[in-house]
**Q** 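Structure provided below as structure tokens; questions to follow.
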2 protein chains.
Amino acid sequence: MNTPQITHVAIVDDHLLFASSLEKLINSFNGFQVIFKAENGVDLGSKIREAVRLSQILLLDINMPVMNGFETMKWLKEQHPEMKVLALSMDDNELYILRMLKEGARGYFLKDIHPSELEKAMVTVRDKGFYYSESVTEVMVNALHGDGPELDPSFRDVEIQFIRLACTERTYKEIAEELKLSPKTIDGYRQDLFKRLGIRNRVGLVMYAIKHKIIDIHSHDPKSHP
Amino acid sequence: MNTPQITHVAIVDDHLLFASSLEKLINSFNGFQVIFKAENGVDLGSKIREAVRLSQILLLDINMPVMNGFETMKWLKEQHPEMKVLALSMDDNELYILRMLKEGARGYFLKDIHPSELEKAMVTVRDKGFYYSESVTEVMVNALHGDGPELDPSFRDVEIQFIRLACTERTYKEIAEELKLSPKTIDGYRQDLFKRLGIRNRVGLVMYAIKHKIIDIHSHDPKSHP
DNA sequence: AAATACCATAGGAATTTTCCTGTTTTTTCA
DNA sequence: TGAAAAAACAGGAAAATTCCTATGGTATTT
């Protein structure tokens, strides 16, 4: 045999402990080496640029507060569609899976998989370019059959902003002021969203936003209100 | 030097990938060895029993669905108060920290700490019996000074039921029917809770319930409603 | 047994949310 | 450039939420 080719791997996860631990695990796999990991969400953009340039496989956590996995994936798809990205998540939410796959992820893993499956997956991704586990495949089939959840309701930027504000204690009037729009326009957004999402009231919107990670819960506020 | 003593460590985390990775990391620390890890949440009780018997330090994840870290910690405190437990969490929520420390955890770490701090912590725990990071200490001081969040606001059963229902799309009238109470009574609960929790409206209540895990989000419903 | 605290309930009213049906303005695109 | 689509905006009204204060019943305490 000649010199074995080493596959370079990048890890993007804001949980430093997990990232570092995962690094050790992957380095113990045959033929793989972690050459980069993002330590936190701040200025992830530039770091990813470097990771992309240097590595062949990227392990991407989707539960990140600053620039979340979806946005990152979207950016990657546009900038580096050839990059082999494996999505890592704690949630087996079908919406997440479909969203990431749609954005071009080559695989999707829950953080409770067995390490040996991860190794198998990485080998497969290196050799074939993708790896979809049984459970992920099942989700895709469901989606095609239409009995899965609605994929990608796709919101506009203002709508996202509105939803985020609707998840606070602000009244619609206050939201309108914040967005410098007429209260009636806000009411229009609300009504439209209620219809599209099949919900009855603001609580439904809040729950939707949380389940679909439009807002994130982890209150990283350093002593905000008095 | 004589034979170095090896400290045995157990990991209880339902994220197998994280647990396995963490194992590698800890084994790379000098003088520590992971001798046990719980693979999933099912029947965690008996496994913990074994872990406790064999190990000196236990790394306990608090974000577990089946038997969560709080319950596990409580059980450990009663059954094995001598066990050195380090709590691991993704959340820096002060409530969690205080709750775990109150239950007897010897330390509390976010999953985004630097591996070297974990090593330092484990050495300290082994030698001194506890390790509180600066941030955790700060939370404790705040709690003592009373300017931290209210620990354990302690709700009555009806209040918990009301809060849960308030997180759905039901109107208060419907909630009243569901709980077989007068709408005016429900309004009383609402008003009382708003005052106690310092919130303005129902959205505030929903957010509170989520942040304090009164309801849980992860809709693990396998195709429940038609 | 009286005082106290707590709970369920109520009337009434201001505010906010929700819904329905429009018009005007801006953007898109054939 | 002219038509169509999308977005912003409005009037008006019913329903729900929020807020205030108050009362009778029951359990607890002293």
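This one's a predicted model, so the numbers in the text were calculated from it and none came from an experiment. Throughout, a chain's letter reflects where its sequence line sits, starting with A, and its residues are numbered from 1.
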**Q** If you draw the axis of the six-membered ring of Tyr172(A), does the NZ or CZ of Arg202(A) fall within 45° of it and under 6.0 Å from the ring centre?
**A**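 The answer is yes; both the distance and angle limits are met.
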**Q** Which one, dT18(C), dA16(D), dA8(D), comes nearest to the side chain of Thr171(B)?
**A**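 Nucleotide nearest to Thr171(B)'s side chain: dA16(D).
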**Q** From CD of Gln191(B) over to C1' of dA8(C), roughly how many Å is that when rounded to an integer?
**A**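 One finds 14 Å between C1' of dA8(C) and CD of Gln191(B), rounded.
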**Q** Side chain of Asn201(A), backbone of Gly204(A): donor and acceptor closer than 3.5 Å?
**A**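 Yes, Asn201(A) side chain to Gly204(A) backbone: donor-acceptor pair under 3.5 Å.
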**Q** Ignoring the backbone of Asn201(B), work out which of dC19(C), dT18(D), dG11(C) is nearest its side chain.
**A**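 Nucleotide nearest to Asn201(B)'s side chain: dT18(D).
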**Q** Taking for each residue the nucleotide of DNA chain C bearing the nearest heavy atom, is the 5' side occupied by Pro183(B) or by Lys195(A)?
**A**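 It is Pro183(B), whose closest nucleotide lies nearer the 5' terminus.
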**Q** Separation of Glu159(B) atom CD from dC6(C) atom C1', in whole Å?
**A**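 Answer to the nearest Å: 11 Å.
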**Q** Any base atoms under 4.0 Å from Arg200(A), or only sugar-phosphate, or nothing? Heavy atoms, all strands.
**A**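 Sugar-phosphate, backbone atoms only, no base.
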**Q** Starting at atom CG of Leu193(A), determine the distance to atom C1' of dA6(D), rounded to an integer number of angstrom.
**A**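 Spelled out: CG on Leu193(A) to C1' on dA6(D) is 15 Å.
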**Q** Write down the distance between CD (Glu174(B)) and P (dT18(C)), rounded to a whole number of angstrom.
**A**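 Between P of dT18(C) and CD of Glu174(B): 13 Å.
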**Q** Tell me what Arg202(A) touches on the nucleic acid: a base, only sugar-phosphate, or nothing, going by heavy atoms under 4.0 Å.
**A**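 Sugar-phosphate: the residue Arg202(A), judged by heavy atoms under 4.0 Å, touches backbone atoms but no base.
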**Q** Could you work out which one of dC9(D), dT18(C), dA10(C) sits closest to the side chain of Ser182(A)?
**A**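 Output: dC9(D).
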**Q** Just by modelled atom types, is the Ile214(B) backbone N or O under 3.5 Å from a matching donor or acceptor in the Arg164(B) side chain?
**A**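 Yes, the answer is positive, given that a donor and an acceptor are paired below the 3.5 Å cut-off.
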**Q** Are the side chain of Glu174(B) and the backbone of Thr171(B) linked by a donor-acceptor contact shorter than 3.5 Å?
**A**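 Yes; judged by distance alone, with no hydrogens or angles, the pair exists.
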**Q** Given dC9(D), is OP1 or OP2 found less than 4.0 Å from the side-chain N or O atoms of Thr185(A)?
**A**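 For dC9(D), OP1/OP2 do have a side-chain N/O of Thr185(A) under 4.0 Å.
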**Q** Can you identify which nucleotide, out of dT18(C), dT16(C), dG11(C), has its nearest atom closest to the Lys184(B) side chain?
**A**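 My answer, after comparing the listed nucleotides, is dG11(C).
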**Q** Applying a 4.0 Å non-hydrogen cut-off, can you work out what Asp187(A) is touching in the nucleic acid: base, sugar-phosphate, or nothing?
**A**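 Contact class for Asp187(A): base.
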